Structures are given as C-alpha cells and as structure tokens.
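Input: a single structure, listed below in structure tokens.
Values in this document were obtained by computation on a predicted structure and should not be read as measured data.
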Amino acid sequence: MNKKIVKDALILTAFTLVLGFVLGLVYEITKDPIAQAKEAATQAAYQEVFPDAQYFEAMGDFDKEAAAKIVTDAGYADEITDVQTAYDSQGGQVLGYVITVTAKDASQANITFSVGIRNDGTINGYSITDIAETPGLGMHAQDEDFIAKFQNKKVDAFTVVKTTPTSDSEIEAITSATITTKAIANGVNACIVYFQNELAGGAVS
C-alpha cells in the first residue's frame with residue numbers, strides 16, 4: 001500500500017511539473033502577441049477619439065497620485081491611468097489630449113475607456129477598451145449612438161437624466177442601465193476635471 005501511495009505521489013508530482021512547464025511555455029509564446037494586441041487596441045482607441053491626430057505621445061510628467069487627488073477632491077471614485085498628447089499631421093502642434101480612465105462604479109465591473117479632449121475643452125468622444133456590463137443593457141455604452149451623446153460638447157460636467165435632455169450637459173440614461181450610464185458620465189467628468197486642472201489650453205505637451 002505504501003509503495004502504491006509513493007508511486008501515485010511521484011506520478012502526480014511529475015504530472016504537475018510537466019503541466020507547469022507546458023503552461024510556462026505557452027505563456028512565453030503568447031505573452032508578446034497578447035501585449036501587441038493590447039497595444040494595438042489601445043492605439044485604436046486613441047485614434048478613434050482623435051481621428052485627426054497623426055501620432056500620440058505619453059505625457060512624460062504625468063503624476064498618477066496627483067491625478068487621483070484631483071479626481072477624488074472633485075467627488076469622483078474613478079482613476080486616471082494614462083494621458084497621451086495628440087499631435088497634428090504636421091507634427092509639433094498639440095491638438096489636445098487622450099485621457100484614459102477606469103470607472104469604478106459600474107454595475108458589473110470596472111470600465112476602462114479613453115476620452116479625447118481638444119485644447120478648448122471640447123469632448124471628442126470616448127472609446128472603451130475594457131467592459132463587462134450586462135449584454136443588451138449596459139453593454140450599449142459601446143454603441144455609437146450612445147457615445148455620440150458626449151461628442152462635440154464643451155461642458156464642466158455631465159449629468160444623467162431619464163427624460164429627453166434639455167442641455168448639452170444632460171445625458172439620457174441607457175434604458176434599464178442607469179448605473180452604467182452614470183459610470184460612463186462620471187468617468188468622462190473625471191477626465192474633464194483633470195483636464196481643467198492640469199491641461200487646459202494645451203499648456204502641457
């Protein structure tokens with residue numbers, strides 16, 4: 001009986017080692033393509049919210065902790081994770097910024113998206129890179145028709161309403177997905193607050 005137990009333990013150990021080796025090998029093979037795919041999706045999001053930009057450059061002096069304080073002081077729970085400067089086709093002229101934010105108050109999980117803001121504070125729109133809301137409800141936050149509600153608007157903050165909007169600052173909630181709508185609106189608002197405090201006028205490049 002003892003010999004059988006030892007044999008089974010050795011077989012299990014060998015199996016575990018082989019499985020670990022295979023998983024490690026798979027990771028090594030796939031990590032670069034996964035990283036490349038993620039980077040491609042990120043660049044596509046930047047281009048979507050700033051189609052007239054030729055290229056984007058990470059803001060070198062971006063301070064994540066300072067950004068968190070600005071957002072928190074404004075009453076938002078969202079997290080600014082990245083800021084890109086958008087340059088024109090001639091190179092050198094700053095068109096505006098792409099601010100990536102993670103909204104923490106969605107109904108299912110965090111939503112990460114990039115927001116394009118022109119130098120004068122006008123919102124170009126947003127592009128979602130990570131979302132796990134309810135299909136048929138909160139997932140409509142990705143729809144072009146809904147994104148268009150934020151586009152080409154210059155406001156200090158968006159508010160969510162359940163009736164027809166009466167001003168540019170009002171966003172009509174997605175049917176049966178008010179929480180998701182508020183999460184998107186708050187995330188955009190966090191970007192606006194950060195822009196107004198740190199980037200307004202295109203002073204930073």
Side-chain donor-acceptor pair under 3.5 Å between [X] and [Y], yes or no?
X    : Y    : answer
N189 : Y194 : no
T81  : T100 : no
E133 : S107 : yes

Determine whether a donor-acceptor pair (N or O, by modelled atom type, separation under 3.5 Å) exists between the side chain of [X] and the backbone of [Y].
X    : Y    : value
Q47  : A53  : yes
D63  : A66  : yes
T159 : E170 : no
E79  : A68  : no
K154 : D120 : yes
Q84  : A58  : yes
K153 : K149 : yes
N124 : Q151 : no

Practice task
Write down the atom of Q196, the atom of V155, and the distance for their closest heavy-atom approach.
Solution key: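 Nearest pair, atom of Q196 first, then V155: NE2-O, 4.3 Å.
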Practice task
With sequence neighbours excluded, tell me which residues meet ring pair (Phe, Tyr, Trp, His ring centres under 6.0 Å) with F50.
Solution key: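 Applying ring pair (Phe, Tyr, Trp, His ring centres under 6.0 Å) to F50 gives none.
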Exercise for the section: Can you spot which of T102, T129, D130 makes a side-chain hydrogen bond (donor to acceptor under 3.5 Å, both in side chains) with T112? Expected result: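 In the set T102, T129, D130, the residue that makes a side-chain hydrogen bond (donor to acceptor under 3.5 Å, both in side chains) with T112 is T102.
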Practice task
Write out all pairs satisfying ring pair (Phe, Tyr, Trp, His ring centres under 6.0 Å) with one or both partners inside residues 114-144, taking only residues at least two apart or from two chains.
Solution key: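 Residue pairs passing ring pair (Phe, Tyr, Trp, His ring centres under 6.0 Å), neighbours aside: F113-Y126, Y126-F150.
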Practice task
Count the heavy atoms belonging to other residues, nucleotides or ligands that lie under 6.0 Å from CG of D156, then report whether that count exceeds 12.
Solution key: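 Result for CG/D156: open.
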Problem - More than 12 heavy atoms from other groups under 6.0 Å of CG on L137 - result: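 Enclosed.
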Problem - Option passing side chain to side chain contact (heavy atoms under 4.5 Å, CB included) with D105 (candidates D78, I179, I111) - result: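 Checked D78, I179, I111 against D105; only one passes side chain to side chain contact (heavy atoms under 4.5 Å, CB included): D78.
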